[in-house]
2 protein chains.
Amino acid sequence: MRQSVENAVAVCPVEVAVAVLGGSWKLTVVKHLTGGTMRFGELRRAVGPVTPRVLTRQLRDLEADGIVSRTVFAEVPPRVEYALTELGETLRPAVVWLDEWGAAYADREVSQGRP
Amino acid sequence: MRQSVENAVAVCPVEVAVAVLGGSWKLTVVKHLTGGTMRFGELRRAVGPVTPRVLTRQLRDLEADGIVSRTVFAEVPPRVEYALTELGETLRPAVVWLDEWGAAYADREVSQGRP
DNA sequence: CCGAATCCTTCAAGATACTG
DNA sequence: CAGTATCTTGAAGGATTCGG
């Protein structure tokens with residue numbers, strides 16, 4: 001268990017979820033992986049403005065936390081596939097819900113035009 | 001709309017949720033407020049190891065994002081009450097779900113004893 | 001193609017002390 | 001009681017370059 005997660009446990013279970021999913025792009029990665037296995041390059045293009053360095057880091061974090069699996073194929077050119085683990089799949093409803101909530105939130109902001 | 005939120009919109013709706021709720025203690029604060037209005041000091045004690053400076057910052061962020069309301073009573077001693085807004089209330093199911101997920105995750109880690 | 005290595009910047013979070 | 005005022009620090013994120 002990563003240190004941040006371990007600290008979170010002591011405070012509140014919700015903080016555990018934040019510790020695991022809170023980094024940039026992490027939920028976006030999980031969301032894309034709910035559609036099935038993806039290669040590194042696919043993920044990179046799908047997520048958008050993320051550098052390889054950062055994406056790698058997020059993926060390794062998610063891997064360490066048991067959310068995604070990483071499969072390396074010994075080929076030329078190299079191929080690495082990422083997929084949700086069983087545990088990662090349990091996040092599906094939350095991802096869907098938060099995705100919809102975020103969209104609704106953004107709409108609300110636009111329609112209300114708050115500064 | 002805060003800048004971070006605005007950036008998030010461009011990428012993915014889930015990132016909006018992360019931008020609004022991602023800071024430390026934020027979801028914990030929201031969780032406690034689902035139980036009803038609380039004063040600053042109550043919140044401080046409830047959350048745990050949070051300094052006033054940080055708690056104030058999180059509360060102001062949440063207020064700016066329309067999740068919590070802040071009511072100042074012109075009394076001596078001072079009293080400030082925080083409550084969920086209508087928008088904040090819409091987060092209730094997510095908070096409950098993430099709380100349970102986090103608890104289950106922590107249990108899993110303990111039982112599996114991953115380093 | 002999938003990263004690793006390097007370097008850099010920024011900023012959230014924490015410690016501490018003080019005030020209306 | 002409910003915050004500010006300063007200061008410090010560590011980690012996250014990003015740009016760029018290089019390698020298997």
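Labels below follow one simple rule: chain letters A, B, ... track the order of the sequence lines, proteins then strands, and each chain is numbered from 1.
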Under the side chain to side chain contact (heavy atoms under 4.5 Å, CB included) test, residues paired with A/L21 that sit two or more places apart =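 Scan of A/L21 (side chain to side chain contact (heavy atoms under 4.5 Å, CB included), adjacent residues dropped) gives A/L27, A/L91.
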
Touch class at under 4.0 angstrom, heavy-atom based, for A/F73 against every strand present =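 Contact class for A/F73: none.
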
Indicate for each nucleotide in nucleotides 8-20 of chain D, in 5' to 3' sequence, whether protein heavy atoms under 4.0 Å reach the base (B), only the sugar-phosphate (S), or nothing (-).
-> ----SBBB----B

State, to 0.1 Å, how close A/R108 and B/G66 come at their nearest heavy-atom pair, and which atoms those are.
->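 Shortest heavy-atom contact: NH2-CA, 4.5 Å.
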
Rounded distance in Å - [atom1] ([X]) to [atom2] ([N]):
X: B/E42; N: D/dA2; atom1: CD; atom2: P; value: 8 Å
X: B/L43; N: D/dC1; atom1: CG; atom2: C1'; value: 14 Å
X: B/R39; N: D/dG3; atom1: CZ; atom2: C1'; value: 13 Å

Kindly indicate, with the supporting measurements, whether the criterion side-chain contact (heavy atoms from CB on, under 4.5 Å) is fulfilled by A/T51 and A/T56.
-> CA-CA 9 Å; A/T51 61; A/T56 299; over 6 Å; no

N/O donor-acceptor pair under 3.5 Å between A/Y105 side chain and B/D65 backbone =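 Side chain of A/Y105 to backbone of B/D65: a pair is present.
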
Partner residues of B/E81 under the side chain to side chain donor-acceptor pair (under 3.5 Å) criterion, sequence neighbours left out =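 Counting only residues at least two positions away or on another chain, B/E81 forms a side chain to side chain donor-acceptor pair (under 3.5 Å) with B/R79.
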
In terms of heavy-atom contacts, does CD of B/E75 have more than 12 from other residues, nucleotides or ligands at under 6.0 Å?
->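 Counting neighbours around CD of B/E75, more than 12 heavy atoms of other residues, nucleotides or ligands fall under 6.0 Å, so yes.
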
Please list, in 5' to 3' order, the outermost nucleotides of DNA chain C lying under 4.0 Å from any heavy atom of chain B.
->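 Listed 5' to 3', the contact boundaries are C/dA12 to C/dG20.
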
Using the side chain to side chain donor-acceptor pair (under 3.5 Å) rule, collect all pairs that involve residues 9-35 of chain B, keeping only residues at least two apart or in two chains.
->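 Non-adjacent pairs meeting side chain to side chain donor-acceptor pair (under 3.5 Å): A/E15-B/T28, A/T28-B/E15, B/K26-B/D61, B/K31-B/D99.
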
Qualifying salt bridge (Lys or Arg N to Asp or Glu O under 4.0 Å) pairs, either residue in residues 36-56 of chain A, two or more places apart =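 Applying salt bridge (Lys or Arg N to Asp or Glu O under 4.0 Å) to every pair that reaches into residues 36-56 of chain A, excluding sequence neighbours, yields nothing.
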
